[in-house]
Amino acid sequence: MAKTKTKKAVEKPAGMFWSRLSLKTRVTATSVIALALLLSVFVLGAVAFFRNDIQRSTDETLVQSARILSDTDPLTVRERLRAGDIPLPALPSDYYIAFLDPDGVLFVGFVSSAIGERPVPNLSEFKYLSVIALKGMPITADIAKGSGDKPQEWRMVALPLKDVKGSVVVAVPTTYEQVLLSQYRAIGLGFSALLLITIAAAVWLSVNFALKPLREVTTAADAVREGKLDSRLPQIEGQTEIAIINRSLNEMLDSIENSLKDRNRTVKRMKEFVADASHELRTPLVTLRGYAELYRKGAFKKKAEVDNAMSKIEAEALRMSSLVESLLALARLDNQGSLHITKTDVRKLIQTVTDNLRAAFPDLQITIANLNGKVLSEKLDWKIDESAMTQVLTNLLNNARVFAGEKPIEVSLGVRNQELVIEVIDHGPGIAKQLRGKVFERFYRSDNSRNRDAGGSGLGLAIAKSLVQAHGGRIVADETKGGGATFRVNLPN
């Protein structure tokens with residue numbers, strides 16, 4: 001027998017529909033529902049209060065009328081009512097007054113109706129003992145004949161007669177009371193509906209305006225997803241929840257943008273480092289390989305030839321070592337290693353660097369002066385990284401030494417516009433104006449300033465620029481009056 005599988009309908013949770021609604025729809029619906037409940041309670045309470053008030057007024061009228069009529073002779077009541085001798089309270093236009101014998105049989109009855117003939121209550125149950133048991137309490141009776149008929153309620157009070165055995169019943173229909181209460185109810189519900197519509201519109205617009213910053217969050221997120229990392233949320237003043245969220249998200253976007261920029265810079269530097277290293281190491285490696293192959297093939301027959309080849313290999317190895325050290329120095333600078341800033345006597349630092357160079361090159365002529373060309377003897381303290389500035393000065397002075405030849409080198413030091421100014425001045429061939437910005441590029445060489453024959457790696461000035469920029473300063477190449485190059489370093493306080 002084949003088995004039939006019945007697929008059970010998946011019942012969705014009751015809250016799933018509610019959770020799919022937008023926030024402003026839920027807030028508006030919740031507000032309207034809560035207000036509708038409050039207004040319903042208010043309208044029903046007001047109608048109940050009016051009903052009790054109208055019923056209390058009607059009951060007082062009925063009780064007073066029944067008390068007055070219970071002390072009146074039933075046989076003369078008709079003439080006295082017509083003559084106005086009986087001071088009854090102001091009964092409604094519709095009322096019914098009945099005098100009953102002890103068995104509840106109608107003895108005398110009066111009907112007043114504004115709509116012509118009106119059915120009156122059946123008072124056969126109002127026997128004398130039953131009336132006494134009611135103790136004058138008002139009661140409500142429905143005189144409708146069938147269960148499907150419209151209710152026809154009467155409010156009535158029955159009291160025993162004082163002079164004879166019997167009772168009097170005073171009754172009024174509640175039709176007008178029901179009509180009045182229906183009007184109150186219709187007015188209350190109509191006003192409530194109008195109020196609900198107005199408040200629903202106001203809440204919808206208010207929530208829509210309040211949630212506008214959230215839509216801006218979505219717009220900013222879409223822009224960031226499309227690659228526009230500079231997209232930000234509008235700044236909102238104050239300590240509101242939206243203002244705090246906007247500031248937090250902007251700070252997060254700033255952090256993300258900075259992280260991506262740092263990552264891109266790191267990748268770019270790594271590519272530059274690899275390209276620079278492969279380019280610059282290729283020449284000495286080719287030289288080393290060439291001498292090695294010549295030696296292996298027996299091209300060097302004499303000892304002098306071997307010694308010459310070995311000296312060339314040693315020179316190239318030393319140049320490779322210097323090049324690798326410079327590349328590593330630039331790599332460390334690219335990683336933005338923190339500087340160790342201390343208050344340092346810059347004049348003394350320059351003196352130390354020049355003394356070291358004179359020790360290595362005794363014929364080197366270096367003078368230290370202030371910015372006006374006068375001999376500098378007093379100390380000049382400034383907040384710098386001593387080790388980094390030592391390397392900057394060493395590189396600049398070495399560059400000047402190579403290209404100044406036997407001409408003297410001047411170092412000027414002073415403060416101008418609240419900045420430390422250091423100038424390294426030589427009187428060599430100088431640098432063409434169009435090349436002064438390029439000399440700080442890595443591995444850049446020009447025929448009249450830097451070349452391999454002079455033994456430079458093309459990284460000294462690049463390292464100097466990176467170290468100066470790490471201090472927040474700037475370095476430029478300028479022309480020396482009378483010929484030569486001037487390298488000027490400006491460091492902020």
Side-chain angles (χ1 to χ4, degrees), residues 46-185:
V47 171
F49 172 79
F50 290 143
R51 179 188 291 112
N52 292 335
D53 187 63
I54 294 172
Q55 188 173 348
R56 179 182 56 79
S57 178
T58 302
D59 291 346
E60 289 179 356
T61 302
L62 292 175
V63 170
Q64 291 179 13
S65 300
R67 286 176 179 173
I68 293 173
L69 292 173
S70 66
D71 198 20
T72 304
D73 185 359
L75 298 176
T76 60
V77 69
R78 187 185 297 274
E79 289 76 11
R80 294 182 63 186
L81 285 173
R82 288 177 180 174
D85 288 342
I86 302 176
L88 293 178
L91 289 170
S93 57
D94 287 6
Y95 63 86
Y96 178 46
I97 298 175
F99 289 89
L100 308 176
D101 63 13
D103 295 327
V105 178
L106 180 64
F107 181 65
V108 178
F110 305 97
V111 179
S112 175
S113 175
I115 61 173
E117 294 185 1
R118 176 187 289 276
V120 296
N122 182 4
L123 305 177
S124 59
E125 298 297 328
F126 283 77
K127 296 180 172 51
Y128 185 73
L129 294 178
S130 300
V131 172
I132 294 175
L134 290 175
K135 298 180 180 181
M137 296 295 296
I139 60 174
T140 300
D142 185 3
I143 64 171
K145 295 180 180 179
S147 59
D149 296 337
K150 186 178 180 179
Q152 300 182 37
E153 294 183 345
W154 287 70
R155 190 70 174 172
M156 58 186 66
V157 173
L159 289 176
L161 298 174
K162 294 182 180 179
D163 296 334
V164 295
K165 220 172 185 182
S167 57
V168 61
V169 178
V170 183
V172 294
T174 61
T175 305
Y176 295 112
E177 176 185 336
Q178 297 299 330
V179 171
L180 186 60
L181 291 175
S182 297
Q183 292 177 348
Y184 285 161
R185 190 180 295 108

- prompt: side-chain hydrogen bond (donor to acceptor under 3.5 Å, both in side chains): which pairs involve residues 60-79, sequence neighbours left out?
  reply: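 side-chain hydrogen bond (donor to acceptor under 3.5 Å, both in side chains) check on residues 60-79 returns Arg56-Glu60.
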
Testing the basics here: between [X] and [Y], what is the closest heavy-atom pair and its distance to 0.1 Å?
| X | Y | answer |
| --- | --- | --- |
| Pro92 | Val172 | CD-CG1, 3.8 Å |
| Pro138 | Val63 | CG-CG2, 4.3 Å |
| Gln152 | Pro119 | OE1-CG, 3.8 Å |
| Ala158 | Leu134 | CB-CD1, 4.4 Å |
| Ile68 | Pro89 | CD1-CD, 4.1 Å |
| Val77 | Pro74 | CG1-O, 3.1 Å |

Quick check for you: to the nearest 0.5 Å, what is the distance between [X] atom [atom1] and [Y] atom [atom2]?
| X | Y | atom1 | atom2 | answer |
| --- | --- | --- | --- | --- |
| Arg185 | Arg51 | CZ | CZ | 6.0 Å |
| Ile54 | Asp59 | CD1 | CG | 11.5 Å |
| Ile97 | Leu91 | CD1 | CG | 6.0 Å |

Test: Lys127 and Asp103 ion pair at under 4.0 Å: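 No, no charged N to carboxylate O under 4.0 Å.
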
With side chains defined as the heavy atoms from C-beta onward, is the minimum distance between [X] and [Y] less than 4.5 Å?
| X | Y | value |
| --- | --- | --- |
| Val169 | Val157 | no |
| Glu153 | Gln178 | yes |
| Leu100 | Leu123 | yes |

- prompt: So Trp154 and Tyr96, would you call those rings parallel, tilted or perpendicular, with 30° and 60° as cut-offs?
  reply: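 Rings of Trp154 and Tyr96: perpendicular, over 60°.
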
task: Go through the steps to decide whether Met156 and Phe126 satisfy the test side-chain contact (heavy atoms from CB on, under 4.5 Å), and finish with yes or no.
output: CA-CA 11 Å; Met156 58 186 66; Phe126 283 77; 3.5 Å; yes

query: Using a distance-only test with no angle check, is there a side-chain donor-acceptor pair under 3.5 angstrom linking Thr58 and Arg155?
result: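 Not at all, the side chains of Thr58 and Arg155 share no donor-acceptor pair under 3.5 Å.
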
Under 3.5 Å donor-acceptor, [X] side chain and [Y] backbone:
| X | Y | answer |
| --- | --- | --- |
| Ser167 | Leu159 | no |
| Asp53 | Phe49 | no |
| Asp94 | Pro173 | no |

task: Under the side-chain contact (heavy atoms from CB on, under 4.5 Å) rule, what do Tyr95 and Val170 come out as? Steps first, then yes or no, please.
output: CA-CA 7 Å; Tyr95 63 86; Val170 183; 5.7 Å; no

- prompt: What about the rings of Phe107 and Phe99, do their centers lie closer together than 6.0 Å?
  reply: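 Judged by ring-centre distance (under 6.0 Å), Phe107 and Phe99 do not meet the cut-off.
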
